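A quick note: this is a predicted structure, and the numbers were derived from the prediction, not measured.
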Amino acid sequence: MTATLEAPQTHEPEAIVETPKSWKMPILLGAVGLVSFLLLVLDTPGGTVTRFVLSRKNDAIQIPVWHAPSQLFVILATLLMLALAGLSAWAVANRRTLGVWLPIVYGVALVFAILVWAGAGKSSTSIQVTGLLIGAVVLATPLVFGALAGVVCERSGIVNIAIEGQLLSGAFMAALVGSIAATATGSSTAGAYIGLIAAPVAGAFLGLLLALFSVRYWVDQIVVGVVLNVLAVGLTNFFYGTMMKENADLNQRIGLPDLPIPLLSDIPVIGPVFFDQNLLVYAMYALVIVLNIMLFKSRWGLRVRSVGEHPKAADTVGIKVNRTRVRNTVLGGAIAGLGGAFFTVASGLAFNKEMTGGKGYIALAAMILGRWSPKGALAAALFFGFADSLREQFGIIGTSIPSQFLAMLPYLATIFAVAGLVGHVRPPAAENQPYKK
């Protein structure tokens with residue numbers, strides 16, 4: 001009798017596949033810090049101060065003006081930026097994750113350095129901090145509505161490039177209907193509110209056209225979106241030239257009044273920024289909260305996301321894929337149209353040709369930077385709105401930066417954010433793919 005010994009089974013350790021290190025962020029942060037040293041530190045004169053005004057004259061609580069030694073604070077802010085760039089490089093080398101706080105602190109330091117440099121030695125002007133932040137919230141409002149429109153559409157699988165046209169058509173309809181209502185009622189405030197109701201109708205109509213060609217005729221959604229943008233520009237220019245220019249009553253300067261919230265609006269700095277705004281801004285807050293809950297915590301949101309990720313699987317469990325896409329595209333168009341009212345009735349301005357100025361495309365960037373979530377879109381839009389407000393603040397201060405460069409600032413911020421900060425993101429898997437049974 002012979003015994004057979006079986007060789008013990010050995011388990012080879014699984015190979016650990018490491019992702020390649022990305023040095024994009026440290027290089028970008030280091031380069032900007034170096035530019036800050038060369039342009040801001042060396043150009044800031046010694047012995048000067050920068051005046052920061054935190055309160056407005058009519059605020060309930062007054063905060064004293066802060067005088068910051070210009071050169072010292074620019075040097076400190078630049079050193080902090082370079083230190084954060086080095087920390088980012090250390091994290092990449094050791095495969096550590098530092099979180100979102102690093103770009104936020106870096107951005108605050110950069111903006112602070114620029115503001116101190118811009119206001120150095122200017123005794124006649126000062127940095128209006130509250131006004132700067134109010135401008136950021138107000139200028140971000142149409143971007144938030146546009147980005148939310150993109151989120152609602154793309155989560156269901158429809159690419160909405162037509163946001164620019166929907167904003168423009170909403171601005172036109174709000175001005176036209178609001179002006180007619182103001183004349184009929186004799187109240188510009190009533191006209192502004194009626195215009196606010198009319199604006200989503202125009203956006204929803206363009207959304208319906210986008211859904212019709214994308215879902216019914218399977219046309220490429222990006223091509224349809226571009227065509228709708230051109231169509232909106234052509235139609236609004238035509239009606240502006242033939243109706244509004246000859247009849248001023250159809251294009252009046254009517255505006256929404258501010259609605260300060262008692263007690264909250266009296267909080268220094270934060271109160272005027274967030275709680276002393278008009279109805280459209282409050283509607284923006286509510287819409288972000290509602291959509292964030294509905295998309296990620298409700299049955300409706302689960303159905304929408306399943307249609308955008310795997311429409312065939314959604315269809316097998318009884319979800320009407322194309323019907324869901326049509327409804328979401330119309331809803332997204334209405335949201336963008338409501339945001340378009342910002343340019344006319346919410347700002348107290350009359351309609352003008354192509355007055356949205358490409359904000360719809362920045363809203364698309366905010367949607368991507370926000371990773372297709374409402375709260376992310378809000379944060380990204382506030383970033384772009386702050387860049388736009390910074391441009392206006394520089395114009396008031398009278399910096400040596402050429403006005404043409406200042407006009408480019410929001411768009412440069414968009415490129416910087418999308419190319420340098422967004423990193424790798426994954427859109428809904430089935431977007432721009434028509435569903436055919």
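- Residues Val129 and Trp66 fail the side-chain proximity criterion, which asks for heavy atoms closer than 4.5 Å.
- The stretch residues 272-292 participates, sequence neighbours left out, in these salt bridge (Lys or Arg N to Asp or Glu O under 4.0 Å) pairs: Arg56-Asp276.
- Side-chain atoms of Gln277 come within 3.5 Å of backbone atoms of Val273 as a donor-acceptor pair (strictly under, hydrogens ignored).
- Side-chain atoms of Tyr435 do not come within 3.5 Å of backbone N or O of Val215 as any donor-acceptor pair.
- Under the salt bridge (Lys or Arg N to Asp or Glu O under 4.0 Å) criterion, Glu354 pairs with no residue at all, not counting sequence neighbours.
- For the pair Ser265 (side chain) and Pro262 (backbone), a donor-acceptor distance under 3.5 Å is absent.
- The side-chain heavy atoms of Val281 and Tyr285, taken from C-beta on, include a pair separated by under 4.5 Å.
- Qualifying ring-ring contact (aromatic ring centres under 6.0 Å, His included) partners for Phe112, counting only residues two or more places apart in sequence or in other chains: Phe52, Phe73.
- Considering only residues two or more places apart in sequence or on other chains, Ser389 meets the side-chain contact (heavy atoms from CB on, under 4.5 Å) condition with Leu132, Ala136, Leu139.
- Ser179 places a side-chain N or O within donor-acceptor distance of the main-chain N or O of Gln252, the cut-off being under 3.5 Å.
- Put simply, the side chain of Arg305 gets close to the backbone of Leu295: a donor and an acceptor are under 3.5 Å apart.
- Listed by chain and number, the residues in a salt bridge (Lys or Arg N to Asp or Glu O under 4.0 Å) with Arg327 amount to none (sequence neighbours excluded).
- Residue pairs meeting the salt bridge (Lys or Arg N to Asp or Glu O under 4.0 Å) criterion with at least one member in residues 247-269: none, sequence neighbours excluded.
- By the 6.0 Å contact criterion, CD1 on Ile270 is open, its count of non-hydrogen atoms from other residues, nucleotides or ligands being 12 or less.
- Remark: Phe342 pairs with no residue by the ring-ring contact (aromatic ring centres under 6.0 Å, His included) rule, at least two apart or across chains.
- Applying the side-chain contact (heavy atoms from CB on, under 4.5 Å) test to Val53 and every residue at least two apart in sequence or in another chain returns Val65, Ser126, Gln128.
- Legend: side chain to side chain donor-acceptor pair (under 3.5 Å) pairs involving residues 150-167, not counting sequence neighbours, sorted by first then second residue: Glu154-Trp372, Asn160-Gln166, Glu164-Thr356.
- The stretch residues 334-348 participates, sequence neighbours left out, in no salt bridge (Lys or Arg N to Asp or Glu O under 4.0 Å) pair at all.
- Taking Ala85 as the reference, Leu29 meet the side-chain contact (heavy atoms from CB on, under 4.5 Å) condition, with sequence neighbours excluded.
- The ring-ring contact (aromatic ring centres under 6.0 Å, His included) analysis of residues 152-210, with sequence neighbours excluded, yields the pairs Phe172-Phe351.
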